[in-house]
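Please read all numbers here as calculations on a predicted model, not as lab measurements. In what follows, chains carry the letters A, B, and so on, assigned in the order in which the sequence lines appear, proteins first and then strands, with residues in each chain numbered from 1.
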There are 2 protein chains.
Amino acid sequence: MEQRIDRIKKQLHSQSYKLTPQREATVRVLLENEKDHLSAEDVYLLVKEKAPEIGLATVYRTLELLNELEVVDKINFGDGVSRYDLRKEGADHFHHHLVCIECGSVDEIQEDLLGEVEKIVENDWRFKIKDHRLTFHGICYRCHEKQDTGEESGSEVKELN
Amino acid sequence: MEQRIDRIKKQLHSQSYKLTPQREATVRVLLENEKDHLSAEDVYLLVKEKAPEIGLATVYRTLELLNELEVVDKINFGDGVSRYDLRKEGADHFHHHLVCIECGSVDEIQEDLLGEVEKIVENDWRFKIKDHRLTFHGICYRCHEKQDTGEESGSEVKELN
DNA sequence: ATGATAATGATAATAAAAATCACTTTATAA
DNA sequence: TTATAAAGTGATTTTTATTATCATTATCAT
């Protein structure tokens, strides 16, 4: 955690940005909620618990900055809000998502999966790939099992909204 | 074109919706701009040329309806607007996109490409896939060639914004 | 025709994100 | 150290895409 923050700090400095207390608090929230897919508003509320003086605008600016530095990826699952997803350190590709249309859960796939596909795209379409977004919409294993046992589709899994 | 509209009409009727003149005008605009990725506003302006009495709300409602019927797919390339993309007739999967970060052009890949990947996702994650979104961000062949010949990066390709 | 329902258009309401601006903090250089 | 520029912040306003509302109109079944 601390090492991770330290590396982000260096990354900021290398582009002559500073790791201000507000930025650090924001990064900490992202690290502590690595598995979630927080909106700017979500991040704002969480940061406010620890640094109540922070303003929403600063959170937006920080997230924008972290996005430029490729520390986070901005992603949109089709509801109207942008979500910010920490990029795995050293990951050369953005991970994939499974969005459940039943319960709203979002799971991540860290495996590459697209190696072959990207070769085809680069060769056949002469397209130099810099980034990708792959999201599957469907029914997650939890909702499957619920349906199998006749259990109701509840909200034990964190909802998207 | 006419046959296509006729089939959409039947599809609407099968769910007891009507193909009103406004809806037909909207569908025509989508068909006439099949290769583009129009926002609701874009569609509105184009429809207005032919049916000036139409209201923006109706366009939004129609696009929403066509999205439910899977005639169009709502997609978001990361700029703040939703875009509406005609689904190829008979296509059992949503096509993929190549977004150029130089010129903003958006090309489509109709080939499936994800067959193997989806098998893995369904098996390893026990996830029942209903839909997917795959977008690559990078440099398109046109911008490549421009850079090679030292030509400036212009706007002969339709911009995203 | 007539009553019920669906659809429309104008407009207002909502809400996410961006812009503005006065103020504060930090860094730099005399 | 001081002062002077630059960067960053917080409160607020503005912008803009989308949704909701509601009175009016068109359509359909009886």
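Regarding contacts with the backbone of D:dG10, a side-chain N or O of A:Q22 is found under 4.0 angstrom from either OP1 or OP2. One finds no side-chain N or O of A:T20 lying less than 4.0 angstrom from the OP1 or OP2 phosphate oxygen of D:dA7. Between A:S16 and D:dA7, a side-chain N or O to OP1/OP2 separation shorter than 4.0 Å is absent.
B:L134 and B:Y84 fall into different hydrophobic clusters, where Ile, Leu, Val, Met, Phe, Trp and Tyr residues are linked whenever their side-chain heavy atoms come under 4.5 Å apart, directly or through other members.
Distances from the side chain of A:A57 to the nucleotides C:dA16, C:dT8, C:dA19 place C:dA19 closest. Candidate nucleotides D:dT19, C:dA19, D:dT9 were compared by shortest atom distance to the side chain of B:Y60, and D:dT19 ranks first.
We find that A:K74 and A:E64 are joined by a salt bridge, their nearest charged nitrogen and carboxylate oxygen being less than 4.0 Å apart.
One atom, CZ of B:R83, and another, P of D:dA17, lie 10 Å apart when rounded to the nearest Å. If you measure from atom CD of B:E53 to atom C1' of D:dT25, you get 13 Å, rounded to the nearest angstrom. Rounded to whole angstrom, the span from the CD1 atom of A:I54 across to the P atom of D:dT12 amounts to 16 Å. As a whole-Å value, the separation of B:K18 NZ from D:dT25 P is 17 Å. Per the geometry, CG belonging to B:D79 stands 10 Å off P belonging to D:dA17, to the nearest Å. A:Y17 places its OH atom 10 Å from the P atom of D:dA7, with the value rounded to the nearest Å. The distance from atom CD of A:E41 to atom P of C:dA18 is 14 Å, rounded to the nearest whole Å. Rounded to a whole Å, the NZ atom of B:K74 is 10 Å from the C1' atom of D:dA17.
Nucleotide C:dA12: paired with D:dT19 (Watson-Crick or G-U wobble, both distances less than 3.5 Å). The pairing partner recorded for D:dT30 is C:dA1, the criterion being a Watson-Crick or G-U wobble arrangement whose two distances lie under 3.5 angstrom.
Of the N and O atoms on the side chains of B:Q110 and B:E108, at least one donor lies less than 3.5 Å from an acceptor on the other residue. For the residue pair B:H95/B:E111, the side-chain donor-acceptor check at 3.5 Å is not satisfied.
A centroid separation of 6.0 Å or more is found between the aromatic rings of B:H97 and B:F136.
Of the residues in residues 61-73 of chain B, those placing a heavy atom less than 4.0 Å from an atom of DNA chain C are B:R61, in numerical order.
Of the two residues near DNA chain D, A:L56 and B:A40, the one whose nearest nucleotide lies more 5' is A:L56.
Counting any heavy atom pair closer than 4.0 Å across all strands shown, B:S39 reaches no nucleic acid atom.
Listed here is the closest heavy atom pair of A:H137 and B:R133: NE2-CG, 4.2 Å.
Taking 4.5 Å as the limit, some side-chain heavy atom of A:L30 sits within range of a side-chain heavy atom of A:L63.
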